[in-house]
Amino acid sequence: MPKRKLDPLPAAAFQILLSLSEGNLHGYAIMRQVEEQTAGRVRLGPGTLYSSIQALLEEHLIEEVELAQAPAEDSSTSNSPKDRRRVYRLTSGGRKVARIEAERLGDILRIARAKKILRGEYV
């Protein structure tokens with residue numbers, strides 16, 4: 001079995017997988033969700049976001065969702081950014097990789113707590 005490109009999983013990719021765990025999102029919504037779920041500690045810029053999305057797509061950890069065509073008044077002239085949004089969802093493989101990464105990080109936090117490096121309610 002070939003080594004995965006995303007092994008180990010980069011922090012940005014993990015945050016994207018977490019953001020998609022509750023539903024489908026487009027790129028800008030993923031950026032906002034990551035910022036919200038990390039209380040502003042992680043902010044993905046467009047370059048990091050879209051290169052991470054591309055790698056996650058290539059590894060089949062996320063997939064693009066086909067949007068139903070909503071009726072428009074004149075679809076021939078509709079060129080709004082909303083019309084070009086790509087929406088992504090977590091695949092079952094992506095959910096599994098996110099779970100494995102969360103478990104790995106939990107193990108690291110338990111070690112840090114046992115060695116008195118970390119205190120508090122993190123795990």
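We use all heavy atoms of the structure for the numbers below, so side chains are in, but hydrogens, waters and symmetry mates are not.
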(message) Just verifying a value: how many Å separate Leu25 CG and Gln33 CD, rounded to the nearest 0.5 Å?
(response) 6.5 Å

(request) Look up atom CD1 in Ile108 and atom CZ in Arg113, then write down how far apart they are to the nearest 0.5 Å. (result) 14.0 Å

(request) Would you give the length of the straight line joining atom CD of Glu101 to atom CG of Leu18, rounded to the nearest 0.5 angstrom? (result) 9.0 Å

(message) Return the CG to CG distance between Leu90 and Leu56, rounded to the nearest 0.5 Å.
(response) 9.0 Å

(message) What's the separation between atom CD in Glu59 and atom CG in Leu9, rounded to the nearest 0.5 Å?
(response) 10.0 Å

(message) Main chain of Ser21, side chain of Arg95: is a donor-acceptor contact present, judged purely on distance under 3.5 Å?
(response) yes

(message) Quick test of your reading: applying salt bridge (charged side-chain N to carboxylate O under 4.0 Å, His left out), list the pairs with at least one residue in residues 23-41, sequence neighbours left out, ordered by first then second residue.
(response) Glu35-Arg43

(request) Give the minimum heavy-atom separation between Glu103 and Arg110, together with the two atoms involved. (result) O-NH2, 4.2 Å

(request) Inspect the surroundings of CZ in Arg86 and state if more than 12 heavy atoms from other residues, nucleotides or ligands are less than 6.0 Å away. (result) no

(message) Surrounding CD of Glu22 (heavy atoms of other residues, nucleotides or ligands, distance under 6.0 Å), is the total greater than 12?
(response) no

(message) Looking at Thr38 and Val34, would you say the former's side chain and the latter's main chain have a donor-acceptor pair under 3.5 Å?
(response) yes

(request) Name all residues meeting the side-chain hydrogen bond (donor to acceptor under 3.5 Å, both in side chains) criterion together with Gln54; count only those two or more places apart in sequence or in a different chain, and write none if there are none. (result) Glu58

(request) For the pair Glu64 (side chain) and Val87 (backbone), establish whether a donor and an acceptor sit closer than 3.5 Å, ignoring hydrogens and angles. (result) no

(message) Quick check for you: to the nearest 0.5 Å, what is the distance between Phe14 atom CZ and Ser19 atom OG?
(response) 11.0 Å

(request) Please determine if Asp107 and Arg104 form a salt bridge, counting it only when a charged side-chain N lies under 4.0 Å from a carboxylate O. (result) no

(request) Only counting residues at least two apart or in another chain, list the ones meeting side-chain contact (heavy atoms from CB on, under 4.5 Å) with Ile53. (result) Ile16, Ile30, Leu49, Tyr50, Leu57, Ile62, Tyr88

(request) Return the minimal non-hydrogen interatomic distance between Ser52 and Ala13, and the atom names on each side. (result) OG-N, 4.4 Å

(message) Tell me whether Ile111 shares a hydrophobic cluster with Ile100, the cluster being built from Ile, Leu, Val, Met, Phe, Trp, Tyr side chains joined at under 4.5 Å.
(response) no

(message) When you measure from the side chain of Thr48 to the backbone of Gly45, do you find a donor-acceptor pair of N or O atoms at a distance under 3.5 Å?
(response) no

(message) Taking Leu61's backbone N and O only, do any of them form a donor-acceptor pair with Thr91's side chain (distance below 3.5 Å, no angle check)?
(response) yes

